[in-house]
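Chain identifiers are assigned alphabetically (A, B, ...) following the order of the sequence lines, protein sequences preceding nucleic acid strands; residue numbering begins at 1 within each chain.
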Number of protein chains: 2
Amino acid sequence: MAVSKKEEFSVENIWLADIAKSLSHPARVEILKILSSANVCMCGDIVDLLPLSQATVSQHLKELKRVGLIRGEIEGPKVCYCLSEKTISKAKKEFENLFKNVCKC
Amino acid sequence: MAVSKKEEFSVENIWLADIAKSLSHPARVEILKILSSANVCMCGDIVDLLPLSQATVSQHLKELKRVGLIRGEIEGPKVCYCLSEKTISKAKKEFENLFKNVCKC
DNA sequence: TTAATCAATCGTATATTTACGATAGACGAT
DNA sequence: ATCGTCTATCGTAAATATACGATTGATTAA
């Protein structure tokens, strides 16, 4: 049991659920907010701003990269992370659509 | 190990991550879409529309209720589920805010 | 070359999620 | 009262997620 049935849903719903999953930990929400507002993008700086170990932060960054919400570019010995505009705007649109209507019952 | 550190983040980020978690399964995204678009709200009808057992659907409905995205009202022997306008609109606002800016690097 | 720094990955322990059969409880109809 | 219907919950197995120390690999500086 516990064989996943996620693949039996539509690609749109699978995609949106996957984006939601990548946002389902406060550390990852925080990382997105850091990248969108602060002048911070270096991996090490992000680690310093979170109450988590380097290994754990790296794992969270990997999850955000997996779904394409962020990209990482190597800059010498460091890595600079950026929000990926394309995925962000698609996510924005899809969430807007999800929350568009409220039912009439 | 694996002691959760979620509580060390801000209440706003914890809240948004929790909403995202409740949307992190395609069945739950689908349930929201069913409730917002179709003339369907009875629990049994939702079960019929999903490729999951009654027990599993009930569990997914419980998760959506937990975060307040839906409410369930008993109607005789059945239960009618509705989107909860208040939570939906707060979620909408918070996601909009999260996706507002794209960084400048 | 050697040393230092930075970030990804490995290994691993624990916690949580997902899925469903079985059961229980609530209600309406007979 | 009994039966059938509907939904929540229990119990449980398997899969995933979370967290971190230790290690690896890559790059810069000396």
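When the C1' atom of C/dT18 is taken as reference, atom CD of B/Gln54 falls 15 Å away, rounded to whole Å. In this structure, the CG atom of B/Asp18 is 13 Å from the P atom of C/dT16, given to the nearest Å. In this entry the distance linking NZ of B/Lys78 with P of D/dT7 reads 7 Å, nearest Å. The nearest whole Å value for the distance from the CE atom in B/Met42 to the P atom in D/dA8 is 12 Å. Look at CD on A/Glu75: it is 11 Å from P on C/dA7, rounded to the nearest Å. Rounded to an integer number of Å, the gap from B/Arg66 CZ to C/dT18 P is 10 Å. One atom, NE2 of A/His60, and another, C1' of D/dA19, lie 8 Å apart when rounded to the nearest Å. Rounded to a whole Å, the CG atom of A/Leu61 is 11 Å from the P atom of C/dT9.
With the nearest nucleotide of DNA chain C identified for both B/Arg28 and A/Gly44, A/Gly44 has the one nearer the 5' end. Mapped onto DNA chain D by nearest heavy atom, A/Pro77 and B/Lys62 fall at different nucleotides, with B/Lys62 at the one closer to the 5' end.
Using a 4.0 Å heavy-atom distance criterion, B/Ser4 is classed as a sugar-phosphate-only contact. Looking at heavy-atom distances under 4.0 Å, B/Gln59 makes contact with a base.
Within the 4.0 Å cut-off from OP1 or OP2 of C/dT17, at least one side-chain nitrogen or oxygen of B/Lys21 is found. Between C/dT18 and B/Thr56, no contact under 4.0 Å exists linking OP1 or OP2 to a side-chain N or O. Distances shorter than 4.0 Å separate some side-chain N or O of A/Tyr81 from OP1 or OP2 on C/dA8. Listed pair B/Lys5 / D/dC20 meets the phosphate criterion, a side-chain N or O lying under 4.0 Å from OP1 or OP2.
For B/Val67 against B/Thr87, the heavy-atom pair with the smallest separation is O-CG2, 3.6 Å. For the pair B/Ser84 and B/Gly68, the tightest heavy-atom approach, listed with the atom from each and the gap, is CB-O, 3.1 Å. Residues B/Ile14 and B/Phe9 come closest through the heavy atom pair CD1-O, 3.3 Å.
Nearest nucleotide to the B/Ala55 side chain, out of C/dT18, D/dA22, C/dA22: C/dA22. Among D/dC20, C/dC20, D/dA8, the nucleotide with an atom closest to any side-chain atom of B/Val79 is D/dA8. If you check C/dA8, D/dT18, D/dA17 against the side chain of A/Lys65, the one that comes closest is C/dA8.
Panel note: side chain B/Arg28, backbone A/Ala17; no donor-acceptor pair is recorded below 3.5 Å. Judged by distance alone, with hydrogens and angles left aside, the side-chain atoms of A/Ser22 form no donor-acceptor pair with the main-chain N or O of A/Glu63 at under 3.5 Å.
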